[in-house]
J.: 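Right, I'll just put the structure down here and ask away after.
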Amino acid sequence: MFAAIESLHESPLGKAFVALATVVGAYKLISFGLQFFSVVYDLFLSAPTNFNKYGAKKGLWAVVTGASDGIGKEYAFQLAAKGLNVVLVSRTLAKLEAIASEIESKYSVQTKVVAFDASVDDPANYEAILKAIAGLPVTVLVNNVGQSHSIPVPFLETAEKELTDIVTINNIVTLKITQTVAPVITATVKEKKSVRGLILTMGSFGGLLPTPYLAVYSGSKAFLQQWSAALAGELKPQGVDVELVVSYLVASAMSKIRRTSATIPGPKLFVRATLRSVGKRCGAQDRYATSTPFWSHAFMHFFIESTVGVYSSVANKLNFDMHKSIRTRALKKAARQKKE
Ligand SMILES: NC(=O)c1ccc[n+]([C@@H]2O[C@H](COP(=O)([O-])OP(=O)(O)OC[C@H]3O[C@@H](n4cnc5c(N)ncnc54)[C@H](OP(=O)(O)O)[C@@H]3O)[C@@H](O)[C@H]2O)c1
């Protein structure tokens, strides 16, 4: 056996094979090293994104959806802190008004609010946004509103309302809000010349990795991934940067996680990392117009993509096991609460 290997090794074919394997191995190692350095550079060494190019401190406006809680509320606060006026969109008017008045008094910017239920695809909702932004120089849109499953659930047992709401909110309404706001952004960029536009859309690890027991949410976020990258190509020549923001868990009402950790930041740290990294891929090195900006999420994304890959059976199985276990715990908790 060893003699056969040795003679193959000595043959011209064997030598060519070894040389090829060495070149391919070196190429892979070097490209892994360079990409890893790019992740570290984007996350820790590069200068933060300067929002002046998106109209900060120039009286221009940002529109943020899902702005009354969690990540969206932080986007609204941190964009206002950078000097953008903000239009806050979500479901609950009272929450929006309270946040708007806090933002105005804290950051001396202007605000407007638009309240509607995004699980209903009603033309009146887009008209309400259009009316609120009529005549305003808008440069930024943050497509943050989103819904997931209340708990992980087999696709075949997913309630029709939950299925419809997820697709309506995450996809139909997000696309139609973009069709409403993006023309105003391109018109502002054309008129002002010195500014660029920006459209950020919240993606998720749920969309990055096919996620059993969150199948509808997973599909809806994967849809946003493709759509956002396609739109990025279309709007770049018109001076608008379009970027999908990929996130693993963040402590919020949606994730039902209260305690933060190195892998689960609160909305404040998550949004700070996101706005700091606009235009940088961070953990999403292989993906155009995509960023995985929070440091631990970035390393997770990078290592999954550079090892087993997001579409592998290993990743699918691990993800399935994790969500099976979350479902079991959620069902036990619900049963306990029912008893009490
Ligand atoms: N949290 C995570 O672990 C995580 C991870 C990856 C990606 N994401 C994505 O990040 C985005 C924000 O998530 P989050 O965790 O910040 O959620 P959240 O804390 O639950 O906040 C959701 C926001 O969306 C609004 N909203 C929900 N349903 C709505 C509806 N039917 N009509 C209008 N507004 C509605 C809420 O308004 P009300 O206050 O009026 O309810 C609230 O302002 C989502 O797109 C989500 O998929 C989250």
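Both backbone and side-chain heavy atoms feed into the values below; hydrogens, waters and symmetry mates do not. Each ligand, and each atom within it, is numbered from 1 in the order the structure gives.
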J.: Can you list the other members of the hydrophobic cluster that holds Tyr213, where links are side-chain heavy atoms under 4.5 angstrom apart?
T.: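 Cluster partners of Tyr213: Phe320.
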J.: Go through ligand 1 atom by atom and flag the ones less than 4.0 Å from a non-hydrogen atom of Ala67.
T.: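 Matching atoms, with element in brackets: 43 (O).
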J.: If we only count N/O pairs under 3.5 Å, is Ala118 in contact with ligand 1?
T.: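 It does: an N or O of Ala118 is found under 3.5 Å from an N or O of ligand 1.
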J.: Any atom of ligand 1 sitting under 4.0 Å from a heavy atom of Gly206?
T.: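 Judged by the 4.0 Å heavy-atom criterion, Gly206 does not count as contacting ligand 1.
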J.: Would you check the N or O atoms of Ile71, main chain and side chain alike, for any that come under 3.5 Å of an N or O of ligand 1?
T.: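 There is such a contact, yes.
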J.: Please indicate whether any nitrogen or oxygen in Ser247 is less than 3.5 Å from any nitrogen or oxygen in ligand 1.
T.: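 In this structure, Ser247 places no N or O atom under 3.5 Å from an N or O of ligand 1.
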J.: Please check if the distance between the ring centroids of Phe32 and Phe37 is under 6.0 Å.
T.: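 Judged by ring-centre distance (under 6.0 Å), Phe32 and Phe37 do not meet the cut-off.
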J.: Would you say CZ of Phe44 has more than 12 non-hydrogen atoms from neighbouring residues, nucleotides or ligands within 6.0 angstrom?
T.: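 Counting other residues, nucleotides and ligands, CZ of Phe44 exceeds 12 neighbours.
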J.: Does any part of the side chain of Arg287, heavy atoms only, come nearer than 4.5 Å to the side chain of Leu208, both counted from C-beta?
T.: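 Leu208 reaches Arg287 side chain to side chain.
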J.: For Lys221, state whether at least one heavy atom is located under 4.0 Å from any atom of ligand 1.
T.: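 The answer is yes: ligand 1 sits under 4.0 Å from a heavy atom of Lys221.
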J.: Give the residue, atom name and distance (to 0.1 Å) of the protein heavy atom nearest atom 19 (O) of ligand 1.
T.: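 Answer, as residue, atom name and distance: Gly70 CA, 3.5 Å.
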J.: Counting each atom of ligand 1 from 1 as listed, which ones have a heavy atom of Leu249 under 4.0 Å away?
T.: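 Those of ligand 1 that fall under 4.0 Å from Leu249 are 3 (O).
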J.: For Tyr126, enumerate each residue passing the ring-ring contact (aromatic ring centres under 6.0 Å, His included) test, keeping only those at least two apart in sequence or located in another chain.
T.: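 For Tyr126, no residue satisfies ring-ring contact (aromatic ring centres under 6.0 Å, His included) once neighbours in sequence are set aside.
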J.: Which ligand 1 atoms are under 4.0 Å away from a heavy-atom of Phe116?
T.: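 In order of numbering, the contacting atoms are 32 (N), 33 (C).
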J.: Using a 4.0 Å cutoff against the non-hydrogen atoms of Thr92, which atoms of ligand 1 qualify?
T.: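 Ligand 1 atoms under the 4.0 Å threshold to Thr92: 38 (P), 40 (O).
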J.: For ligand 1, does Ile169 get within less than 4.0 Å through its side chain, its backbone, both, or neither, judged by non-hydrogen atoms?
T.: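 Within the 4.0 Å criterion, Ile169 contacts ligand 1 through side-chain atoms alone.
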J.: Using non-hydrogen atoms of the residue, decide whether Lys95 is closer than 4.0 angstrom to ligand 1.
T.: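 So Lys95 counts as touching ligand 1.
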J.: Is a side-chain donor or acceptor of Asp121 paired with a backbone partner of Val173 at a separation under 3.5 angstrom?
T.: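 No, because the side chain of Asp121 does not come within donor-acceptor range (under 3.5 Å) of the backbone of Val173.
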J.: Could you find the nearest protein heavy atom to atom 29 (C) of ligand 1 and give me its residue, atom name and distance?
T.: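 The closest heavy atom on the protein side is Arg91 CZ, 3.7 Å.
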J.: Measuring only between side-chain heavy atoms, which start at C-beta, is Phe223 closer than 4.5 Å to Val167?
T.: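 The answer is no, as the side chains (C-beta and beyond) never meet within the 4.5 Å cut-off.
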J.: Give the residue and atom name of whichever protein heavy atom lies nearest to atom 31 (N) of ligand 1, and the separation in Å to one decimal.
T.: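 Ranking protein heavy atoms by distance from atom 31 (N) of ligand 1, first comes Asp117 OD1, 2.9 Å.
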J.: Any N/O of Gln147 closer than 3.5 Å to an N/O of ligand 1?
T.: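 In this structure, Gln147 places no N or O atom under 3.5 Å from an N or O of ligand 1.
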J.: If the cut-off is 4.0 Å to any non-hydrogen atom of Gly146, which atoms of ligand 1 fall inside it?
T.: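 Near Gly146, meaning under 4.0 Å from one of its heavy atoms, ligand 1 has 44 (C), 45 (O).
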J.: Which ligand 1 atoms does Ser119 reach within 4.0 Å, using its non-hydrogen atoms?
T.: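 Contacts of ligand 1 toward Ser119, numbered from 1: 31 (N).
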J.: Distance under 4.0 Å to a non-hydrogen atom of Ser68: what atoms of ligand 1 satisfy this?
T.: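 Counting from 1, the qualifying ligand atoms are 36 (C), 37 (O), 38 (P), 39 (O), 40 (O), 42 (C), 43 (O).
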J.: Measuring from Ile177:CD1 to Ile129:CD1, what's the distance to the nearest 0.5 Å?
T.: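 One finds 4.0 Å between CD1 of Ile177 and CD1 of Ile129.
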J.: Between Arg281 and Ser291 (side chain of the first, backbone of the second, donor and acceptor by atom type, cut-off under 3.5 Å), is there such a pair?
T.: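 It does not hold such a pair.
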J.: Got the closest protein heavy atom to atom 35 (C) of ligand 1, with its distance?
T.: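 Minimum-distance protein heavy atom for atom 35 (C) of ligand 1 reads Val145 CG2, 3.6 Å.
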J.: Search all heavy atoms of Ala62 against all heavy atoms of Leu79 and return the closest pair with its distance.
T.: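 Nearest heavy atoms, Ala62 then Leu79: CB-CD1, 4.0 Å.
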J.: How far is atom 11 (C) of ligand 1 from the closest protein heavy atom, and which atom is that?
T.: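 Ranking protein heavy atoms by distance from atom 11 (C) of ligand 1, first comes Asn144 O, 3.1 Å.
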J.: Looking only at distances, can you tell me whether any N or O atom of Gly66, backbone or side chain, sits closer than 3.5 Å to an N or O atom of ligand 1?
T.: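 Yes; the residue has a nitrogen or oxygen that sits under 3.5 Å from a nitrogen or oxygen of the ligand.
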J.: For Tyr217, counting its heavy atoms only, list the atoms of ligand 1 lying under 4.0 Å from any of them.
T.: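 Taking each heavy atom of Tyr217 in turn, ligand 1 has 7 (C), 8 (N), 46 (C), 47 (O) under 4.0 Å.
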J.: Please list the nearest protein heavy atom to atom 3 (O) of ligand 1 with its residue and the distance rounded to 0.1 Å.
T.: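 Ranking protein heavy atoms by distance from atom 3 (O) of ligand 1, first comes Val250 N, 2.8 Å.
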J.: Just verifying a value: how many Å separate Ser252 OG and Ile71 CD1, rounded to the nearest 0.5 Å?
T.: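 The distance works out to 5.5 Å.
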J.: Return the CG to CD distance between Leu130 and Gln179, rounded to the nearest 0.5 Å.
T.: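 That separation rounds to 12.0 Å.
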J.: Does some non-hydrogen atom of Phe205 fall short of 4.0 Å from ligand 1?
T.: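 Flag not set, Phe205 not near ligand 1.
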J.: Look at atom 14 (P) of ligand 1 and say which protein heavy atom is nearest, naming residue and atom and giving the distance to 0.1 Å.
T.: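 Of the protein heavy atoms, Ser252 OG, 3.7 Å lies nearest.
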J.: Phe299 and Phe302: aromatic ring centres closer than 6.0 Å?
T.: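 Ring centroids of Phe299 and Phe302 are no less than 6.0 Å from each other.
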J.: Does atom CZ of Phe303 have more than 12 heavy-atom neighbours from other groups under 6.0 Å away?
T.: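 Count over threshold, so yes.
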J.: Measuring from Lys221:NZ to Ser148:OG, what's the distance to the nearest 0.5 Å?
T.: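 Nearest 0.5 Å value for the NZ-OG distance: 8.5 Å.
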J.: Non-hydrogen atoms of Ser148 versus ligand 1: any pair closer than 4.0 Å?
T.: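 It does not, in that no heavy atom of Ser148 comes within the 4.0 Å cut-off of ligand 1.
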J.: Distance to 0.1 Å, residue and atom name: give those for the protein heavy atom nearest to atom 17 (O) of ligand 1.
T.: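 Atom 17 (O) of ligand 1 sits closest to the protein heavy atom Met254 CB, 3.5 Å.
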J.: What's the separation between atom OG1 in Thr188 and atom NZ in Lys193, rounded to the nearest 0.5 Å?
T.: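 Here the interatomic distance stands at 12.0 Å.
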J.: How about atom 6 (C) of ligand 1: does it have a protein heavy atom within less than 4.0 Å?
T.: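 Flag for atom 6 (C) of ligand 1 set to true, protein heavy atom closer than 4.0 Å.
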